[in-house]
Student: 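Okay, here's the structure, questions in a sec.
Everything numeric here is computed off the predicted structure, so don't read it as measured data. Basis for what follows: all heavy atoms, side chains included, without hydrogens, waters or symmetry-related copies. Numbering of ligands and ligand atoms starts at 1, following listing order.
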Amino acid sequence: MDTRKRKISILGSTGSIGTQALEVIEKLQDKFEIIALAGGNNSELLKQQAEKFQPKFICATCQPDDLKGKHNAKILQGSEGLEEICSNKENDIILVAVSGKIGLKPTLTAIKNGIDIALANKETLVMAGDIVMQKAKEASVNIIPVDSEHCAIHQCIKDISQVEKLIITASGGPFLRKSIDEMKNGTVTEALAHPRWNMGRKITVDSATLMNKGLEIIEAHHLFNMPYEKIEVVIHPQSIIHSAIEYVDGSVIAQIGLPSMHIPIQYAITYPERYEGIKSKSFSFSEIARLDFEEPNYEKFPTLKLAYQAGTEGGSATVCLNAANEEAVFAFLDNKIKLFDIYTITEKIMAQHNIIKSPSIDEIFAIDKEIRIKTQELIKQF
Ligand code: MG
């Protein structure tokens with residue numbers, strides 16, 4: 001067992017995953033030393049975190065003066081600050097928990113520097129999965145998924161060559177038992193009322209349309225090098241089975257547990273060790289009583305099909321999917337469009353997109369920008 005303290009940095013420490021990661025680290029104080037904490041513009045929370053955990057560096061987008069407090073951390077700023085953190089070879093592992101495309105470049109920098117990644121940022125793989133996984137392989141860097149489904153699969157897989165298919169579970173979100181019309185006219189409040197998971201706003205809307213699951217099949221494809229036809233989605237409303245794999249001999253291995261993000265976060269940052277950590281109670285099958293499963297309704301949730309399509313097309317198609325969807329989700333959260341318009345808009349933008357086969361990182365960012373502008377234009381017509 002590794003007794004040395006693991007040196008960790010957290011990108012996105014003030015977000016949903018970041019704050020929960022710090023709860024895990026607080027419980028496992030003797031196992032971790034925090035090198036850097038990077039937050040967005042929530043300077044007050046980042047300052048509190050710096051005072052409590054005393055990292056060597058903090059980084060944010062706000063004014064450096066707002067971060068001064070009872071800590072000795074060097075104050076870094078913006079994306080340059082993230083680059084500096086990810087170039088610091090003192091780190092054993094970096095938890096990438098920022099949301100959006102901002103996660104991609106720091107992740108690549110960390111990989112280049114041989115630092116393991118606990119990855120909670122979906123965009124990194126959806127936008128540039130081919131490049132990221134190739135670079136990680138070349139640098140012998142571990143990419144440990146934090147997303148509960150991929151964390152589950154990571155825990156189930158021993159030998160990937162013997163896997164017949166991946167079975168990714170989805171809670172179905174708040175519209176699972178609602179009619180198609182209710183879903184189409186869903187309000188922001190309804191979309192944000194996720195029955196099982198407490199997450200950020202963008203991902204919660206993605207869970208309501210099942211786009212989150214769509215992005216997850218793309219993540220799974222890259223993480224486990226699995227063709228799309230071998231990645232299956234099943235609706236499982238209780239969110240107790242976090243995902244499963246079927247081996248060629250018909251054996252199915254599933255990872256089961258209470259729906260708490262503390263578990264996958266802790267797994268990812270302590271891998272391959274396991275500790276009691278933040279575990280609140282022991283699992284009981286009899287308390288769960290029953291587990292239900294059903295096929296996804298593609299008429300109600302066509303975004304899922306769109307994601308399979310983008311993934312299968314490959315290249316820049318997933319960059320387009322991600323950018324169009326994200327802009328549409330922001331417009332929905334601003335009450336500019338209806339919930340179902342997220343699909344309609346994303347589908348239209350994807351149909352117009354000329355796919356580039358193997359885009360470079362610069363091309364990926366250029367396509368992302370172009371698609372966002374086009375999507376914003378289209379949104380005006382709604
Ligand atoms: Mg997930």
Student: Can you name the residues that form a salt bridge (charged side-chain N to carboxylate O under 4.0 Å, His left out) with Glu294, not counting sequence neighbours?
Tutor: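 By the salt bridge (charged side-chain N to carboxylate O under 4.0 Å, His left out) rule, Glu294 matches Arg177.
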Student: If you measure from the Lys or Arg side-chain nitrogens to the Asp or Glu carboxylate oxygens, is any gap between Glu149 and Lys213 under 4.0 Å?
Tutor: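 So Glu149 pairs with Lys213 through a salt bridge.
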Student: Report the atom name of the nearest N/O/S atom of Asp147 relative to the Mg ion (ligand 1).
Tutor: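 Checking each N, O and S atom of Asp147, the shortest distance to the Mg ion (ligand 1) belongs to OD1.
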Student: By atom name, which N, O or S atom of Glu149 is the nearest to the Mg ion (ligand 1)?
Tutor: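 Result for Glu149 and the Mg ion (ligand 1): OE1.
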Student: Taking the basic N atoms (NZ, or NE/NH1/NH2) and the acidic carboxylate oxygens, is any pair closer than 4.0 Å for Asp368 and Lys101?
Tutor: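 So Asp368 pairs with Lys101 through a salt bridge.
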Student: In Glu216, the N, O or S atom nearest to the Mg ion (ligand 1) is which?
Tutor: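 When I compare the N, O and S atoms of Glu216, OE2 is nearest to the Mg ion (ligand 1).
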Student: Do Ser9 and Asn91 pair up side chain to side chain, a donor and an acceptor below 3.5 Å, judged on atom types alone?
Tutor: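 A donor-acceptor contact under 3.5 Å links the two side chains.
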